[in-house]
Amino acid sequence: MQEKYPFHEIERKWQAWWEQEQTFRCDTHDTTREKFYCLTMFPYPSGSMHVGHGRNYIMGDVLTRYKLMRGFNVLSPMGWDAFGLPAENAAKTRGVHPKTHTIGNIAHMKEQIRSWGVGYDWSREIATCHPEYYRWTQWIFLKLHEMGLAYRKAAPVNWCPLCTTLANEEVTAEGTCDRCGRPVEKRNLEQWFFKITAYAQRLLDDLETIPKWPEKVRQMQANWIGRSEGARVDFALSETGDPCPVFTTRPDTIYGVTFMAVAPEHPLLQKLLPGSPNEQEVRAFIDHQLKIPAAERAAENALKEGVFSGFHVTNPYNNEKVPLWVTNYVVMEYGTGMVMAVPAHDQRDFDFARHYQLPVKVVIQNAEGSLVAESMEDAYVEDGTMTASAPFDGRPNREALTEIVAYGKERGFADFTVNFRIRDWLVSRQRYWGCPIPIVHCDACGAVPVPEDQLPVLLPDDVEFQSEQGNPLARHEGFVNTTCPKCGKPARRETDTLAQWLCSCWYFLRYVNPRDTTQPFDTGDIAHWLPVDQYIGGVEHAVLHLLYSRFIVKVLHDAGCCPFSEPFEALFTQGMICKKAEDGKLYKMSKSKGNVVSPDQLIADYGADTLRLYTLFIGPPEMDAEWQDAGIQGPYRFLGRLWRRVWESRDMLRDTPVQPDLHAMARPERDLYRKLHQTIRNVTDAIESGFRFNTAIAQIMELMNALDALKAEALETPQARAVFRQTLSDMVRMLAPFTPHVAEELWVELGNPAGVMKAGWPAVIEAALEADTIEVVLQINGKVRGRIELPADASREDMERAALADPQVIRHLEDRQVRKVIVVPGRLVNIAAG
RNA sequence: GCCAGAGUGGCGGAAUGGCAUACGCAGCGGACUUAAAAUCCGCGGAUGGCAGCACCAUCGUGGGGGUUCGAGUCCCCCCUCUGGCACCA
């Protein structure tokens with residue numbers, strides 16, 4: 001052993017040892033031990049990582065190592081979400097083939113992960129761009145196709161000039177591209193969709209079955225799914241009889257409808273307009289609206305505008321004819337794209353009605369009966385009594401609501417219905433570097449699925465990237481031209497590729513049998529290993545990867561090849577690591593802000609264990625944290641101190657044959673021994689009860705302080721030495737998940753055989769926690785006025801008597817009357833005095 | 001607007017209704033050293049009484065109320081910040 005903490009040497013040494021020993025190799029068929037599937041979201045291989053990325057992997061590694069020490073059979077795999085646009089852009093700008101680019105990035109990132117000391121079962125490594133993997137992604141596509149859940153349709157879709165088509169989930173609330181930040185436009189294109197809407201209710205309901213997910217993520221998904229209960233009411237166009245169904249959550253206001261509002265995109269308008277009296281004016285309005293970018297149109301205070309269409313609709317409840325207005329405040333994507341407007345009881349309709357001087361009709365009266373349409377300044381949206389509503393007058397509106405729908409249902413023009421906000425998932429992309437969609441287009445047979453035994457549809461390597469526009473795959477004659485699997489005639493391959501989200505929404509199944517060439521996963525094996533016991537990743541995937549994965553697993557469940565219907569039992573979403581940029585403000589680490597901290601230099605200067613310790617110590621793991629360069633000193637000093645303690649006492653540690661014996665201990669070592677077991681209890685609890693790694697580490701640091709408080713002269717006795725040694729030894733074991741290299745090294749230095757994780761997690765000795773005396777806090781009116789030492793078994797009466805006899809207490813009680821004495825056994829005495 | 005989460009020393013942060021500021025950073029004082037670094041020991045919320053110390057008092061967890069013997073913690077109202085949803089009918 002050397003005096004100075006040689007982190008370089010020991011980190012290399014133990015990383016090699018773990019590989020050699022196959023410490024993280026998982027035998028998935030070993031059922032003698034309880035299984036634990038610990039999964040950290042696999043990354044897109046972007047090239048290099050900063051310390052913020054490391055937070056993920058380190059936390060997963062802590063849990064993996066801890067569970068291994070507790071005797072679990074742990075599956076901890078890693079892989080690469082390897083398809084994606086940056087690789088394709090590199091091909092365009094730098095002439096590097098996406099495959100070469102990706103392979104190079106993977107190699108570098110793997111090395112970074114290794115240098116962090118993060119352990120995985122690399123024999124299970126997968127990359128989604130590997131044909132043996134994407135073959136099965138294609139298989140899943142075909143499964144959905146077979147089940148009628150994959151379909152192609154022409155629709156206005158989100159279009160990013162760089163990233164091509166986008167799913168709704170990839171567009172931010174500001175109407176920009178989630179990946180590159182460019183404004184998103186609408187384009188009419190024929191695209192592939194997955195019917196996620198068919199699973200909306202189950203995706204919502206089953207959120208109840210995953211309580212170990214963060215509440216925040218479950219709410220984000222519930223918001224996104226956006227379930228809304230209400231009614232469908234069939235209005236009809238007065239002039240032509242065309243059906244005009246609307247969705248409303250307020251059927252109780254049906255008699256207050258004074259106009260109908262329709263979205264500019266509504267297809268009915270295109271049918272009605274030609275030759276109609278207001279055609280010019282209406283067309284001008286529609287054309288103008290369609291040119292306004294989505295983001296702007298949705299802007300908060302956008303003025304409500306509209307134009308009378310020249311047509312009317314008839315309200316089936318009272319046969320009243322009301323005008324049909326084309327407006328900018330009704331969105332085509334939600335409901336039916338048409339809204340029954342009730343200005344008296346809806347603020348938006350009210351604003352619009354006042355602006356265009358349309359009638360306002362009160363149908364729900366407040367308790368005072370004071371609502372008068374002419375004088376209202378805002379819509380009345382509270383509950384009240386029905387009025388001017390023919391058969392329902394006088395009824396409380398909430399009760400009438402169901403009666404009104406039932407009334408319409410009997411007569412066939414209304415029904416109860418549920419509306420969802422979520423839209424079908426657009427999965428096709430006009431790019432090369434993705435999983436080819438296994439479909440062939442035949443003039444005679446249409447879109448024909450490629451037979452399963454012909455998978456994978458291989459992505460050709462020899463493509464031309466330099467051209468400016470379009471998908472390089474579509475220009476590859478050899479790929480495009482094929483024959484129809486059905487009729488054998490010449491046909492064209494689908495040239496769109498799948499969104500990478502589809503590649504990543506089943507990878508956790510593949511890890512169990514990663515090299516199986518006969519099936520995507522083994523139903524029996526995944527039944528044992530899944531759901532994932534602990535999933536770790538970023539909250540930014542809340543309505544993307546995490547929602548898609550839940551959907552695909554439910555589909556596979558319905559297909560009969562997946563026995564469970566939720567993939568992730570527990571989810572942990574870690575906070576981002578931020579750093580102050582040039583402008584002095586805090587941002588998440590990014591190249592553009594110039595505030596990234598690379599792990600490589602820190603590992604060179606301080607070692608991986610120090611970096612790990614600081615990353616974990618920085619704050620509560622679920623919260624964002626600020627990286628402070630100077631902060632790394634603390635963990636570095638701590639590990640140096642630990643090393644030095646073992647170095648200084650190495651002779652003594654070897655010459656202490658005695659085991660700790662509670663009955664033989666003197667006060668100083670007895671106190672340390674108690675502190676040791678309190679620490680074991682608290683650290684165990686901090687890990688088990690929710691990733692509280694920062695406080696776990698603080699506890700171990702406190703133990704170190706207590707160890708140092710034991711002065712040299714106190715170490716003369718064999719018992720003191722035995723406790724000292726035991727404390728160091730257990731401290732090293734507790735540190736093994738956090739700082740594995742130094743723990744391994746010191747474990748050997750303490751005279752143990754190599755492999756600290758095999759030594760197991762230290763156990764709490766209950767008897768060691770007990771104390772002879774307790775410190776009792778004395779309060780007067782809730783203020784601390786002193787503290788006394790009492791025997792641990794002091795009764796309430798003993799405590800009260802001792803408190804009232806305390807000189808400090810007597811002094812403070814001068815001129816005061818004791819009104820009440822509260823005694824909390826073992827803790828404190830509070831005297832209420834006046 | 002609706003729904004979450006957060007607000008505690010100079011800083012990152014800790015606290016099952018029971019000692020506010022654990023642990024760490026930065027800072028200050030001391031030891032060691034020719035010196036520095038490293039290390040070791042110690043101090044450390046604010047204000048006031050005092051020349052200063054010891055000591056003592058008052059205030060103190062975004063603001064204002066409340067419940068309680070006792071509130072950072074529970075309840076009500078409000079402010080600020082972060083995230084999600086949003087002309088969603």
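These numbers come from a predicted model, not from an experiment.
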With sequence neighbours excluded, tell me which residues meet ring pair (Phe, Tyr, Trp, His ring centres under 6.0 Å) with A:Phe691. A:Phe572, A:Phe693
A:Ala630 side chain, from C-beta outward: closest of B:C25, B:A89, B:A22: B:C25
Sequence neighbours left out, what passes ring pair (Phe, Tyr, Trp, His ring centres under 6.0 Å) with A:Phe235? Give chain and number order. none
According to side chain to side chain donor-acceptor pair (under 3.5 Å), who are the partners of A:Thr402, at least two apart in sequence or on a separate chain? none
In which ranges does RNA chain B form stems of 3 or more consecutive Watson-Crick or G-U pairs, distances under 3.5 Å? B:1-7 with B:79-85, B:10-12 with B:23-25, B:27-31 with B:39-43, B:45-49 with B:55-59, B:62-66 with B:74-78
What nitrogen or oxygen pairs link the protein and nucleotides 41-43 of chain B at under 3.5 Å?
none

Can a side chain N or O of A:Arg644 be found less than 4.0 Å away from OP1 or OP2 on B:C40? yes
Shorter than 3.5 Å, N or O on both sides, protein versus nucleotides 54-62 of chain B: list them out with atom names.
unit_1 : atom_1 : unit_2   : atom_2 : d
B:A57  : OP1    : A:His812 : NE2    : 3.3

Polar side-chain atom of A:Asn830 near backbone of A:Gly782 as donor-acceptor pair, under 3.5 Å: yes
Considering residues at least two apart in sequence or located in another chain, which fulfil the side chain to side chain donor-acceptor pair (under 3.5 Å) criterion with A:Asn223? none
Using the test ring pair (Phe, Tyr, Trp, His ring centres under 6.0 Å), find all partners of A:Trp224 that sit at least two apart in sequence or belong to another chain. none
Who are the ring pair (Phe, Tyr, Trp, His ring centres under 6.0 Å) partners of A:His812, not counting sequence neighbours? none
Under 4.0 angstrom between A:Lys304 side-chain N/O and B:C87 OP1 or OP2: no
Let's go through A:Ser228 and A:Asn419 carefully: what are the C-alpha distance in whole Å and the side-chain angles of both, what is the deciding distance for side-chain hydrogen bond (donor to acceptor under 3.5 Å, both in side chains) to 0.1 Å, and is it a yes or a no? CA-CA 5 Å; A:Ser228 174; A:Asn419 202 39; over 6 Å; no
Classify the ring geometry between A:His345 and A:Tyr380 as parallel (under 30°), tilted (30 to 60°) or perpendicular (over 60°). perpendicular
Base, backbone or nothing for each nucleotide of nucleotides 11-21 of chain B, written B, S, -, heavy atoms under 4.0 angstrom, 5' to 3'? SBSS-B-BBS-
When you measure from every atom of RNA chain B, which of residues 227-235 of chain A have a heavy atom less than 4.0 Å away? A:Ser228
Quick one, which residues of residues 341-355 of chain A touch RNA chain B with a heavy atom under 4.0 Å? A:Arg348
